[in-house]
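Contents: one structure, followed by commentary.
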Amino acid sequence: MLLSLPTSLGTLGRYDDVERTPELALKGMKHTTIKPELPDQERYLQRIYRFAQKHDFIAVGGDHSVSYPLVKAFKKRYPDGKIVVFDAHPDCEVHTGLATHEDWVRILIEEGVVKPSDVGFVGVRKVTEREREFMDQHNLGNRIPQGKDCQYYYLSIDLDVLEQGDFFFKEKGGISVEELLATVRSLKARVRCCDIVEAFPTERMSETIRQIISILI
Ligand SMILES: [Mn+2]
């Protein structure tokens with residue numbers, strides 16, 4: 001099921017273009033939209049959680065905070081499932097409790113929703129000191145989680161993992177669209193849920209989002 005999550009509530013007011021990305025990218029495709037009705041981030045994330053518990057999905061955001069309820073819902077359905085986060089940043093910042101685009105991974109680990117060994121990154125290259133400390137403590141890094149019990153994957157794709165594209169945080173390095181698609185293709189058989197977030201609403205980002213969807217659908 002395709003899910004549109006047109007929100008920027010988790011950006012802490014830094015950019016709102018990402019609100020328009022899902023409807024543009026999903027134009028002409030059958031999808032369900034969960035729209036924030038009030039600027040109430042907590043309630044919005046709860047609504048996403050309730051919905052996502054009942055479905056396998058490919059969700060298009062919106063900002064990266066939506067992965068907090070989405071991964072939580074995935075783990076409820078697939079307790080042994082692993083999370084692969086494609087991102088320039090590890091999103092492990094010190095937080096206030098309510099998930100945002102920069103701390104949702106840390107909150108999921110601290111709340112025990114995911115074990116550190118359940119989580120691996122692709123393309124992380126900009127890490128703050130506080131994030132580095134947390135990552136070292138929990139042995140987090142760029143690797144794809146494996147293991148005998150690893151039957152199912154959740155892919156969380158922050159498109160700022162790319163070397164080139166239209167998004168707020170541009171970090172040197174990064175992978176190409178071809179590398180991203182090849183990695184998604186290699187995991188495809190075991191992917192149950194996925195989110196694609198943080199891109200600006202442009203034609204080339206919509207194209208990349210549609211390419212990812214067409215691999216997984
Ligand atoms: Mn992110």
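In each ligand, atom 1 is the first atom listed, and ligand 1 is the first ligand listed.
- Rounded to 10°, the angle that ND1 of His64 and OD2 of Asp158 form at the Mn ion (ligand 1) is 90°.
- Asp87 contributes OD2 as its N, O or S atom closest to the Mn ion (ligand 1).
- Using a 4.5 Å cut-off on side-chain heavy atoms (C-beta onward), His89 and Asp160 make contact.
- Annotation: side chain of Thr7 is in contact with side chain of Tyr44 (closest heavy-atom distance under 4.5 Å).
- When distances from the Mn ion (ligand 1) to the N, O or S atoms of Asp91 are compared, OD2 comes out shortest.
- Centroid-to-centroid, the aromatic rings of Phe168 and Tyr15 come within less than 6.0 Å.
- For the Mn ion (ligand 1), the N/O/S atoms of Asp160 include none lying under 2.8 Å.
- Taking 4.0 Å as the cut-off between side-chain N and carboxylate O, Arg106 and Glu93 do not count as a salt-bridged pair.
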